[in-house]
Amino acid sequence: MADFFSALQAAQASQDAYIAALPYWVQLWMYWMMGVLFLGSFIASFFRVEARWLFLSFVLTIIATMALGMTVGWNKLWGATHLVLWTPVVIYFFKRWPQVEKRSLYGVWFTLALATMIVSLVFDAKDVVEYVMGG
């Protein structure tokens, strides 16, 4: 078990170094995602089912990303975890769109979360394709 925690600690340090080397605007975007998608879904999950699904997918993404990083290192393949785990949430959010009152505080968060996931998925798809193509 100690070996696992040592490997996890090393992976976290590698991830931190990878993030620190990213352009500043990407780091800001990651903070935005943490605020809107993680913190926002955590708070809203006490009240709404859509937020619970997003929160669960975000937690699973953190776990999957760390597992991927421990396996293949930190690179553009990182976006694959978002593609796999957030795409179903985006589809679900689109289906729930008519039931959400957009002019409420929850509706504003819901819209921001959906837009954030879509933008992220575009970046992630680009990164994964570049990785697969050897770039």
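Numbers for residues simply follow the sequence, beginning at 1.
The same ILVMFWY cluster, assembled from side-chain heavy atoms under 4.5 Å apart, contains both L112 and F46. Clustering ILVMFWY residues whenever any of their side-chain heavy atoms sit less than 4.5 angstrom apart, transitively, puts V84 in the very cluster that holds F55. Taken together through direct or relayed side-chain contacts under 4.5 Å among Ile, Leu, Val, Met, Phe, Trp and Tyr, Y18 and W29 form part of one hydrophobic cluster. In the hydrophobic clustering of ILVMFWY residues, with side-chain heavy atoms under 4.5 Å counting as a link, L121 and I91 come out apart. Linking Ile, Leu, Val, Met, Phe, Trp and Tyr residues whenever their side-chain heavy atoms come within less than 4.5 Å leaves M30 and V122 in two separate clusters.
Taking the six-membered ring for Trp and the full ring otherwise, W109 and F47 have centroids separated by 6.0 Å or more.
Annotation for F94: atom CZ does not count as buried by contact number, only 12 or fewer foreign heavy atoms lying within 6.0 Å. In the displayed structure, K102 atom NZ is contacted under 6.0 Å by more than 12 heavy atoms of other residues, nucleotides or ligands. Counting non-hydrogen atoms of neighbouring residues, nucleotides and ligands closer than 6.0 angstrom, the CH2 atom of W53 reaches no more than 12 such neighbours.
Shown here for L8 and M70, the closest heavy-atom pair between the two residues is N-CE, 3.8 Å. Heavy-atom minimum distance, A11 versus W74: O-NE1, 3.2 Å. Across L85 and V89, no two heavy atoms sit closer than the pair O-CG2, 3.6 Å.
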Inset, instruction - Any chance you could lay out the side chain to side chain contact (heavy atoms under 4.5 Å, CB included) test for W86 and T116, step after step, and finish with the verdict? - result: CA-CA 11 Å; W86 292 0; T116 299; over 6 Å; no
Inset, instruction - Please lay out, stage by stage, how V26 and F123 fare under the test side chain to side chain contact (heavy atoms under 4.5 Å, CB included). - result: CA-CA 10 Å; V26 175; F123 287 133; over 6 Å; no
Inset, instruction - Check the pair Y106, E101 against side chain to side chain contact (heavy atoms under 4.5 Å, CB included), reporting the backbone distance first and the verdict last. - result: CA-CA 8 Å; Y106 179 77; E101 172 54 50; over 6 Å; no
Inset, instruction - Walk me through it: do R96 and F110 pass the test side chain to side chain contact (heavy atoms under 4.5 Å, CB included)? - result: CA-CA 10 Å; R96 298 293 298 163; F110 183 91; 4.3 Å; yes
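Side-chain atoms of M117 and H82, non-hydrogen and from C-beta on, never get closer than 4.5 Å to each other.
Rounded to the nearest 0.5 Å, atoms CG (L60) and OG1 (T81) are 10.5 Å apart. Rounded to the nearest 0.5 Å, atoms CG (D3) and OG (S6) are 6.0 Å apart. Put simply, OG1 on T111 and CZ on F93 are 9.5 Å apart, with the number rounded to the nearest 0.5 Å. Here the straight-line distance linking atom CD1 of I118 with atom CG of L114 works out to 4.0 Å at 0.5 Å rounding. The NZ atom of K76 lies 13.0 Å from the CE atom of M133; values are rounded to the nearest 0.5 Å. Interatomic distance, OG1 of T61 versus CG of L56, reported as 9.0 Å (0.5 Å rounding).
Judged purely by atom type and a 3.5 angstrom limit, Q27 uses its side chain to pair as donor or acceptor with the backbone of I19. In terms of modelled atom types and a separation under 3.5 Å, the side chain of T65 and the main chain of I62 share no donor-acceptor contact.
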Could you give the side-chain donor-acceptor pairs of residues 33-43 under 3.5 Å, partners two or more places apart or in another chain?
| residue | atom | partner | partner atom | Å |
| --- | --- | --- | --- | --- |
| S41 | OG | L37 | O | 2.4 |
| S41 | OG | F38 | O | 3.1 |

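A donor-acceptor contact closer than 3.5 angstrom is absent between the side chains of Q9 and Q12.
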